[in-house]
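Just so it is clear: chains get the letters A, B, ... in the order the sequence lines come, proteins before strands, and each one is counted from 1.
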Amino acid sequence: MTTHGTAAPTDFIRAIINEDLKTGKYGGRVHTRFPPEPNGYLHIGHAKSICLNFGIAAQYGGLCNLRFDDTNPVKEEEEYVESIIEDVRWLGFDWQDRLFYGSDYFEQMYEYAVQLIKAGKAYVDDLSADEVRQYRGTLIDPGRESPHRSRSVEENLDLFERMRAGEFADGSRVLRAKIDMSSPNLNMRDPAMYRILHAEHHRTGDRWCIYPMYDWAHGLEDSIEGITHSICTLEFEDHRPLYDWFLEELGVYHPQQIEFARLNLTYTIMSKRRLLQLVERGHVTGWDDPRMPTVSGLRRRGYTPESIRSFCERIGVAKTDSTIDVALLEHCIREDLNKRAPRVMGVLRPLRVVIDNYPEGQTEEVDAVNNPEDPDMGMRKVPFSRVLYIEQDDFREDPPDKFFRLAPGREVRLRYAYLITCVDVVKDERTGEVVELHCTYDPETRGGTTPDGRKVKGTIHWVSAAHALEAEVRLYDRLFTVEDPGDVADFESVLNPNSLETVTGCVESSLAGAAPGNRYQFERLGYFCVDSKDSSSGRLVFNRTVTLRDTWAKIEKKL
RNA sequence: UGGGGAUUGGUCUAGCGGUAGGACAGCGGACUCUGGAUCCGUAGGCCCAGGUUCGAAUCCUGGAUCCCCAGCCA
């Protein structure tokens with residue numbers, strides 16, 4: 001893979017690598033890995049880690065493995081493996097032939113465990129989970145040694161072998177490292193290395209009924225793969241001494257663990273457990289619901305891999321707990337789509353407009369620019385006729401100050417078409433709702449120009465009624481109403497009831513063959529993409545990725 | 001009150017003894033056939049207290065605050 005973006009910043013991790021390179025610590029090698037557990041879909045926080053690990057490998061001409069940390073069969077599923085592979089690839093990264101699974105090393109890990117038992121550094125404990133907890137002590141009080149701690153090597157070997165053979169029930173025994181029950185670091189108080197789990201593993205089936213714990217397995221996986229810099233999140237800082245202890249006692253290759261702060265985003269929940277809950281309780285339609293911060297959700301929402309990578313680069317890497325303003329993510333997708341998305345006209349909430357002085361039955365085509373940011377994207381023809389739809393928001397019967405759009409007696413420009421003046425307003429007799437406008441057009445202003453030099457402040461978008469394509473448009477907003485839903489005990493109570501509004505609008509005819517996943521800018525509204533699941537040629541469905549910056553909304557708010 | 005980490009404008013982030021910089025957000029303006037984009041301008045910060053030094057965000061001492069750890073989860 002190639003390096004994305006411009007010169008990567010030298011954060012504290014790269015500073016460490018630079019130093020290691022200088023001292024030749026790993027013989028000039030840089031080898032990282034992204035080690036997800038396949039128990040959920042990847043989210044934007046994982047994207048940060050992916051960009052970091054793969055980005056560093058690319059930058060230093062090193063390698064980055066994709067490795068599934070699949071040591072807990074009761075939580076992991078093949079579906080998650082597949083989605084993770086798809087997501088990492090979609091983000092633009094490549095692990096070549098280095099797709100690994102922790103479960104590939106189960107036999108090796110078992111042998112290492114036997115080695116530790118033989119060295120008198122591990123023992124089989126018969127205490128129940130509850131007893132183990134009681135023996136562990138507390139944050140301030142030391143723990144007590146298990147009565148089984150001093151079993152002979154032979155007995156431990158025999159017991160461990162029988163654990164593997166399936167002679168014991170789940171939870172009845174565990175293999176523990178023999179370290180220090182009075183360590184102030186609780187992770188060092190004889191942590192469990194293996195637990196008995198008679199569960200079907202998505203890869204190893206029923207070959208095993210004992211499974212390694214993360215702390216035991218993870219460092220071994222890194223060691224076996226020859227990882228140089230084992231990058232993980234802050235909460236594992238306390239585990240590093242244990243990681244180091246295992247590798248030291250085994251006398252095997254020893255990578256260096258470095259911890260950084262995980263990503264938090266305002267108005268967003270990032271915990272897999274909670275995301276799962278949103279899915280299971282039906283608050284969203286699935287892991288790939290466009291409101292989800294998952295990679296698949298962002299993809300379906302219309303985010304580009306480039307925008308996500310750019311975001312991950314901008315947020316930086318440090319050890320400070322931080323919460324990034326979701327506005328930065330939005331900035332990144334606008335920035336990317338502004339340059340690349342073709343412009344198109346679509347009306348979300350149509351208001352019928354009849355051009356009284358335009359010949360009935362006549363149609364003409366006006367020229368429209370596909371992307372003012374990129375002349376290479378060319379021009380297109382847009383049909384114009386007597387009856388149009390404009391945005392309801394673009395008309396006010398009683399326009400406030402600074403409202404430049406249409407109002408009774410007002411003249412505005414129809415983008416790329418003509419200047420029109422509103423001459424009559426038709427309302428529903430019962431509700432008083434404006435249902436139709438009558439306007440006149442100035443034939444001299446074709447293409448939106450004013451031969452007499454007259455200035456028109458407002459330009460609005462429109463779609464010819466006779467040519468319009470009906471489209472379902474899903475208007476997404478943030479999922480939560482508060483900045484930090486993660487701090488709210490019952491985060492479901494703080495869900496935004498208006499996170500999705502579905503409208504039936506109409507779009508210009510050039511969108512007829514719009515392919516799923518295609519992204520467009522609906523002029524003056526925002527960026528939209530064709531929904532990859534629900535859209536078809538017979539029924540167009542668009543997702544709003546993000547609105548355009550809306551200066552008028554700000555002005556109006558202050559009025 | 002055990003251990004491990006962290007603390008720079010609203011939010012992120014640079015700085016490594018020598019004028020505190022950038023991004024996003026905010027505010028003001030210019031320009032505009034998208035109230036978009038672009039451009040220009042502007043406000044706002046070193047957790048606190050001592051000390052070392054000609055000079056401290058940076059070094060030292062003490063304190064404060066926040067985060068993580070008592071799964072047979074990762």
What does A:P372 touch in the nucleic acid at a heavy-atom separation under 4.0 angstrom: a base, only the sugar-phosphate, or nothing? base
Given B:U32, is OP1 or OP2 found less than 4.0 Å from the side-chain N or O atoms of A:T459? no
Parallel, tilted or perpendicular, as decided by the 30° and 60° cut-offs, for the rings of A:F246 and A:W216: perpendicular
Ring centroid separation for A:H201 and A:F106, is it under 6.0 angstrom? yes
How would RNA chain B look in dot-bracket form, 5' to 3', counting Watson-Crick and G-U wobble pairs with both distances under 3.5 Å and writing | for bases paired to another strand? .((((((..((((....[..)))).(((((.......)))))....(((((..]....))))))))))).....
Of the options B:G71, B:C27, B:G36, whose atoms approach the side-chain atoms of A:K558 most closely? B:C27
Salt bridge or not for A:R67 and A:E225, using N-O below 4.0 Å? yes
Mind checking the P distance from B:U52 to B:C46? Whole angstroms is fine. 23 Å
Write down the distance between NZ (A:K75) and P (B:C73), rounded to a whole number of angstrom. 7 Å
Answer with base, sugar-phosphate or nothing: what part of the nucleic acid does A:F311 contact at a heavy-atom distance below 4.0 Å? nothing
Select base, sugar-phosphate, or nothing to describe what A:E330 touches, counting heavy atoms under 4.0 Å on all strands. nothing
Let me know the distance between CG of A:L139 and C1' of B:C68, rounded to the nearest Å. 11 Å
Quick one: does A:R405 reach the base of B:G35 with a side-chain donor-acceptor pair under 3.5 Å? yes
Please report the distance separating the P of B:U58 from the corresponding atom of B:G9, rounded so that it comes out in whole Å. 15 Å
Given the P atoms of B:U19 and B:U61, what is the spacing between them in whole Å? 26 Å
Tell me whether A:D336 is salt-bridged to A:R340, with the criterion being a basic N under 4.0 Å from an acidic carboxylate O. yes
Return the value, rounded to whole Å, for the distance between atom CD of A:E483 and atom C1' of B:C24. 14 Å
How is A:R415 classified with respect to the nucleic acid when contacts are heavy atoms under 4.0 Å: base, sugar-phosphate, or nothing? base
Tell me if the aromatic rings of A:Y194 and A:Y211 count as close, with their centers under 6.0 Å from one another. no
For A:Y110 together with A:F160, are the ring centres under 6.0 Å from each other? yes
Rounded P spacing from B:A49 to B:G17 in Å: 24 Å
Test salt bridge (Lys or Arg N to Asp or Glu O under 4.0 Å) applied to A:E556 and A:K402, A:R405, A:R396, the passing residue: A:R396
How far, in whole Å, is B:U1 from B:A70 if one measures between their C1' atoms? 16 Å
Could you state the CG-P distance from A:D394 to B:U34, rounded to the nearest angstrom? 13 Å
Approximate separation, where rounding is to 0.5 Å, of A:L127 CG and A:R173 CZ: 11.5 Å
Under 4.0 Å, heavy atoms only, any strand: does A:E523 hit a base, just the sugar-phosphate, or nothing? base
Once each nucleotide of nucleotides 4-14 of chain B is scored for protein heavy atoms under 4.0 Å, what B/S/- sequence comes out, 5' to 3'? SSSS---SSSS
Check this for me: does any side-chain nitrogen of one of A:R33 and A:D69 sit under 4.0 Å from a carboxylate oxygen of the other? no
Using atom P of each nucleotide, how far apart are B:C40 and B:G35 to the nearest Å? 22 Å
Under 4.0 Å between any heavy atoms, over every strand shown, what does A:Y194 touch: base, sugar-phosphate, or nothing? Just pick one. nothing
Looking at A:R524 and A:D394, is there a salt bridge between them, counting it only when a charged N and a carboxylate O are closer than 4.0 Å? yes
Looking at A:T71, does any N or O in its side chain come under 4.0 Å of the phosphate oxygens OP1/OP2 on B:A74? yes
Is A:Y214 stacked against the base of B:A74, taking the criterion as centroid distance under 5.5 angstrom and interplanar angle under 30°? no
From the list B:G35, B:G2, B:C72, which nucleotide is the closest neighbour of the side chain of A:P184? B:G2
Short side-chain N/O contact to B:G71 OP1/OP2 from A:R195, under 4.0 Å: no
Establish, with yes or no, whether the OP1 or OP2 oxygen of B:G35 is under 4.0 angstrom from a side-chain nitrogen or oxygen of A:R549. no
Which atom names give the shortest non-hydrogen contact between A:L247 and A:L220, and what distance separates them? CD1-CD2, 4.1 Å
Using atom C1' of each nucleotide, how far apart are B:C66 and B:U8 to the nearest Å? 16 Å
Taking atom types as they are modelled, would you say the side chain of A:E373 forms a donor-acceptor pair with the base of B:U38 within the 3.5 Å cutoff? no
Step through the shown structure and confirm whether more than 12 heavy atoms of other residues, nucleotides or ligands are within 6.0 Å of CZ on A:R262. no
With a distance cut-off below 6.0 Å to the six-membered ring centre and an angular limit of 45° from the axis, does A:R176 pair with A:Y123 as a cation-pi contact? no
Value in whole Å for how far the C1' atom of B:A23 lies from CD1 of A:I333: 18 Å
Please tell me which of A:Y416 and A:D215 maps to the more 5' nucleotide of RNA chain B, matching each residue to the nucleotide holding its nearest heavy atom. A:Y416
Over all strands shown, is A:L127 touching base, sugar-phosphate only, or nothing at heavy-atom distances under 4.0 angstrom? base
Can you say whether the rings of A:Y520 and A:F542 are parallel (under 30°), tilted (30 to 60°) or perpendicular (over 60°)? perpendicular
Rounded to the nearest Å, what distance is computed from the CH2 atom of residue A:W552 to the P atom of nucleotide B:G35? 12 Å
Quick one: label A:K272 by what it contacts on the DNA or RNA (base, sugar-phosphate, nothing), any heavy atom closer than 4.0 Å. nothing
In whole Å, measure the gap between the C1' atoms of B:G22 and B:G45 for me. 14 Å
Within the 4.0 Å heavy-atom criterion, would you say A:I555 contacts the bases, only the backbone, or no part of the nucleic acid? base
Distance check: side-chain N/O of A:H331 vs OP1/OP2 of B:C24, anything under 4.0 Å? yes
Does A:L139 form a side-chain contact (heavy atoms from CB on, under 4.5 Å) with A:L186? I'd like the steps, not just the answer. CA-CA 7 Å; A:L139 291 179; A:L186 303 217; 4.1 Å; yes
Could you list the protein-to-nucleotides 40-46 of chain B atom pairs, N/O on both sides, closer than 3.5 Å?
none

On RNA chain B, compare the nucleotides closest to A:F404 and A:I196; which residue's is nearer the 5' end? A:F404
B:C72 P sits how many Å from A:H198 NE2, rounded? 18 Å
Selection from B:C73, B:G3, B:C72 that lies nearest to any side-chain heavy atom of A:A129: B:C72
Contact class for A:H239 vs. all strands (heavy atom < 4.0 Å): base, sugar-phosphate, or nothing? base
By the rule that syn is within 90° of 0, classify the base conformation of B:G71 as syn or anti. syn
Are A:M213 and A:V174 packed together at the side-chain level, in the sense that at least one heavy-atom pair is separated by less than 4.5 angstrom? no
Given atom CG of A:L175 and atom P of B:G71, what is their separation to the nearest angstrom? 19 Å
Over all strands shown, is A:R343 touching base, sugar-phosphate only, or nothing at heavy-atom distances under 4.0 angstrom? base
